[in-house]
Amino acid sequence: QVQLVESGGGLVQAGGSLRLSCTASGRTYVTMGWFRQAPGKEREFVAAISWSGLRTTYKDSMKGRFTISRDNAKNMVYLQMNSLKPDDTAVYYCAASDGGTAYSDPGQYKYWGQGTQVTVSS
């Protein structure tokens, strides 16, 4: 059974940083992604990373502030978030896929974590 568990969320002031972690039990997946969902809004793409870690993609509004990385030996993926803004407040979800190129499409991802809350105060 596949299980993804996120951690690292919390309350931070605007301009601060957080690093989210996701542990995938069992095995390593081709593509790992991060999504987020704010209250009253649809789930949106944040970032994704390829198997090798050499190819990453980000939502434009997050590029330059967020960095996704992975450690396949540990079956983990990370999201380093810097210069956080109140608009970044959301539940952040880790997701895993064994294929596909539509990295921003949540339909590509078969496995999902339970989410971790990130709250950014002004």
Side-chain angles (χ1 to χ4, degrees):
Q1 183 177 358
V2 174
Q3 184 176 7
L4 305 179
V5 180
E6 304 96 334
S7 63
L11 175 64
V12 65
Q13 293 184 345
S17 299
L18 286 173
R19 189 177 79 155
L20 306 183
S21 299
C22 173
T23 300
S25 64
R27 64 185 179 97
T28 305
Y29 295 86
V30 174
T31 303
M32 299 294 297
W34 286 96
F35 292 76
R36 70 185 187 185
Q37 188 166 22
K41 296 184 178 181
E42 295 184 350
R43 187 169 298 185
E44 68 173 342
F45 172 74
V46 175
I49 188 167
S50 65
W51 169 269
S52 67
L54 297 177
R55 178 168 52 81
T56 59
T57 185
Y58 301 88
K59 184 177 180 180
D60 286 344
S61 63
M62 303 164 193
K63 191 176 299 182
R65 298 191 299 120
F66 292 7
T67 302
I68 189 171
S69 60
R70 68 188 299 171
D71 184 341
N72 290 342
K74 298 180 179 179
N75 291 339
M76 296 190 71
V77 62
Y78 308 94
L79 184 68
Q80 178 67 46
M81 305 185 294
N82 299 324
S83 301
L84 284 164
K85 307 173 182 179
D87 286 348
D88 294 321
T89 296
V91 177
Y92 284 71
Y93 296 91
C94 176
S97 173
D98 280 325
T101 58
Y103 305 113
S104 64
D105 181 3
Q108 175 177 305
Y109 299 87
K110 183 177 181 179
Y111 309 104
W112 294 82
Q114 82 290 341
T116 184
Q117 176 71 47
V118 172
T119 302
V120 184
S121 62
S122 60

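Count residues from 1 along the sequence.
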Do I49 and W34 pass the side chain to side chain contact (heavy atoms under 4.5 Å, CB included) test, and can you show the C-alpha distance, the side-chain angles, and the key distance before you say yes or no? CA-CA 9 Å; I49 188 167; W34 286 96; over 6 Å; no

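Note that OH of Y111 is 10.5 Å distant from OG of S25, once rounded to the nearest 0.5 Å. The CD atom of E42 sits 8.0 Å away from atom CD of Q37, with the distance rounded to the nearest 0.5 Å. For the atom pair CG of N72 and CE of M32, the computed distance is 9.5 Å after rounding to the nearest 0.5 Å. Summarising the geometry, atom CD belonging to Q13 is positioned 11.5 Å from atom CG belonging to L84; distances are rounded to the nearest 0.5 Å. The distance from the OG1 atom of T89 to the CZ atom of R36 is 9.0 Å, given to the nearest 0.5 Å. In this structure, T31 OG1 and D98 CG are separated by 8.5 Å, a value rounded to the nearest 0.5 Å.
Residues V120 and V46 share a single hydrophobic cluster, defined by chaining ILVMFWY side chains whose heavy atoms lie under 4.5 Å apart. Cluster membership for V77 and V118, using ILVMFWY side-chain heavy atoms within less than 4.5 angstrom, is shared. Note: the hydrophobic cluster containing M62 also contains Y92 (ILVMFWY, side chain heavy atoms under 4.5 Å, direct or indirect links).
Between L11 and Q117 the shortest side-chain heavy-atom distance does not fall below 4.5 Å. Residues F66 and K59 form no side-chain contact, since every pair of their non-hydrogen atoms from C-beta on lies 4.5 Å or further apart. Residues T67 and Y58 are in side-chain contact: their nearest non-hydrogen atoms beyond the backbone lie under 4.5 Å apart. Between W112 and R43, the closest side-chain pair of non-hydrogen atoms falls below 4.5 Å. Within the 4.5 Å cutoff, the side chain of S21 has heavy atoms near those of the M76 side chain. For the pair Y78 and D71, the minimum side-chain heavy-atom distance is below 4.5 Å. At least one side-chain heavy atom of D88 sits under 4.5 Å from a side-chain heavy atom of R65. Looking only at side-chain heavy atoms (C-beta outward), V12 and M81 stay at 4.5 Å or farther from each other.
The minimum heavy-atom distance linking P86 with S122 is given by the pair CG-CB, 4.0 Å. Smallest separation of non-hydrogen atoms from A47 and L79: CB-CD1, 4.3 Å. Nearest approach of S104 to F35, heavy atoms of both residues: O-CE2, 3.6 Å. Of all heavy-atom pairs spanning C22 and L4, the tightest one is SG-CB, 4.1 Å. The shortest non-hydrogen separation linking Y93 to G113 is CD2-O, 3.6 Å. Shown here for Y109 and G33, the closest heavy-atom pair between the two residues is CE2-N, 3.8 Å.
Side-chain atoms of E6 never come within 3.5 Å of backbone atoms of T116 as a donor-acceptor pair (strictly under, hydrogens ignored). No donor-acceptor distance shorter than 3.5 angstrom exists from the side chain of Q114 to the backbone of V5, with no hydrogens or angles considered.
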